[in-house]
Amino acid sequence: MSKKLLFNLFAVLMLTSLILSACGTPAAAPAAAPAASAKKEYKDMTLCYPQLGAESDWRTANTASFKETAKELGVNLVFSDAQQKQENQISAMRACIQQGVDVIALPPVVEDGWDAVLQEAKDAEIPVIIVDRSVSADKSMYVSHIGSDMVLEGKKAGEEMNKLLPNGGNVLEISGTTGSGAATGRAKGFRETLNKNITILDSQTGNFNPTEAKPVAEAFLKKYAGKIDGFFIHNDGMAQAVVEAMKSAGVKPGEIKMVSVDGTRGGFQMMIDGWVQADVECNPLLGPQVMEMALKLMNGEKIDAEVLTNETTYYPDKAAELLPTRKY
Ligand code: GYE
């Protein structure tokens, strides 16, 4: 071998080792491949859903949506029912953090009081998606909120009442759970939209629950007998309780106008029977969307910080035709 050839060979060897050391060891390249192929799938997901309770048909449909979707996709769902108590939701969340779930989806019963447990989830690096009602905690404490625009729902209800009582009148409100984003938002939007010639005579909570709303409705019908032109009821289940109370008090369908929220089958039936004149839709079927968001988070993908559900208002004219198509 000539001296020149030897020198050239040496130069090539040096250059190659230089390039290799600059790029890292050759073993580094194949090491990246398993990471890319380890994209998480639904079957790898453990999702915590500390449901707030079972107070309404809306809630039952919401629970079913999560359970059915999890089953279909093969997601391991850690489900619990807090029976409307925030402390139960918080302990369920803590158990999920302990267990090391992948994602927590939280439907908060009320808006305030979540900071500590949200911080604990953050410290454990478990992302939280707020579902349905909102929280008052800082936006940095959770990844996203998906649900309805409750203020908008209240505004829609106010517009319907304005149309139903063009000459003004007196209305009564039975609101949802005190301190919940759903009740606060609906009450706010309603007041912002209501015409000046309509007076809210009284407002009491029925906790989104028909059993609790019934005595409130009975007391209202007694106390304000002959003075009531309209009812704004924060959900269909409580509106059904109002119908029962009106029947007992001898009020005929449509004599007192009623605007309700949710758009459940019960709501559609009340429209068919002439008791409810407008039902503002609120969609509980959030399971598929939430699980899609959770999977994205598990794969390090970005998701929107606020996802609002698209909703409409239903009226008696189409109620009979639409009732068989309703899923909840
Ligand atoms: O309207 C009511 C339920 O938070 C939007 O909660 C939800 C409300 C819904 O109990 O029926």
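What you are looking at is a predicted structure, and each value in this text was computed from that prediction instead of being measured. All ligand and atom numbering here is 1-based and tracks the order in the structure.
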Tell me which protein heavy atom sits closest to [atom], plus the residue, atom name and distance to 0.1 Å.
atom	result
atom 11 (O) of ligand 1	D262 OD2, 2.6 Å
atom 6 (O) of ligand 1	R133 NH2, 2.9 Å
atom 2 (C) of ligand 1	N235 ND2, 3.5 Å

Taking only heavy atoms of [X] into account, list the atoms of ligand 1 that are under 4.0 Å away from them.
X	answer
M150	5 (C)
D132	4 (O), 5 (C), 7 (C)
S56	2 (C), 3 (C), 10 (O), 11 (O)
C282	5 (C)
R186	1 (O), 5 (C)
R59	3 (C), 4 (O), 6 (O), 7 (C), 8 (C)
E55	3 (C), 6 (O), 10 (O)

State whether [X] and [Y] are salt-bridged, where the test is any N-O pair (Lys NZ or Arg NE/NH1/NH2 against Asp/Glu carboxylate O) under 4.0 Å.
X	Y	value
E159	K156	no
K214	E218	yes
E192	K155	yes
K43	E41	yes

Please confirm whether [X] approaches ligand 1 to less than 4.0 Å, judged on its heavy atoms.
X	value
Q84	no
V261	no
S148	no

Geometry only, no angles: is H234 polar-contacting ligand 1 at N/O separations under 3.5 Å?
no
Tell me whether W58 has any N or O atom under 3.5 angstrom from an N or O of ligand 1.
no
Short side-chain donor-acceptor distance under 3.5 Å, Y224 and D202
yes
E311 side chain to S148 side chain, donor-acceptor N/O pair below 3.5 angstrom:
yes
Run the side-chain hydrogen bond (donor to acceptor under 3.5 Å, both in side chains) test on Q51 and N62 for me, step by step, so that the C-alpha distance in whole Å, both residues' side-chain angles and the decisive distance to 0.1 Å come before the verdict.
CA-CA 9 Å; Q51 179 61 286; N62 180 255; 2.9 Å; yes
At a non-hydrogen distance cut-off of under 4.0 Å, which region of E153 contacts ligand 1 (side chain, backbone, both, or neither)?
neither
Mutual orientation of the aromatic rings belonging to Y49 and F66 [parallel < 30°, tilted 30-60°, perpendicular > 60°]
parallel
Can you classify the ring geometry of F220 versus F231 as parallel (below 30°), tilted (30 to 60°) or perpendicular (above 60°)?
parallel
Near D123 CG, under 6.0 Å, is it more than 12 heavy atoms from other residues, nucleotides or ligands?
yes
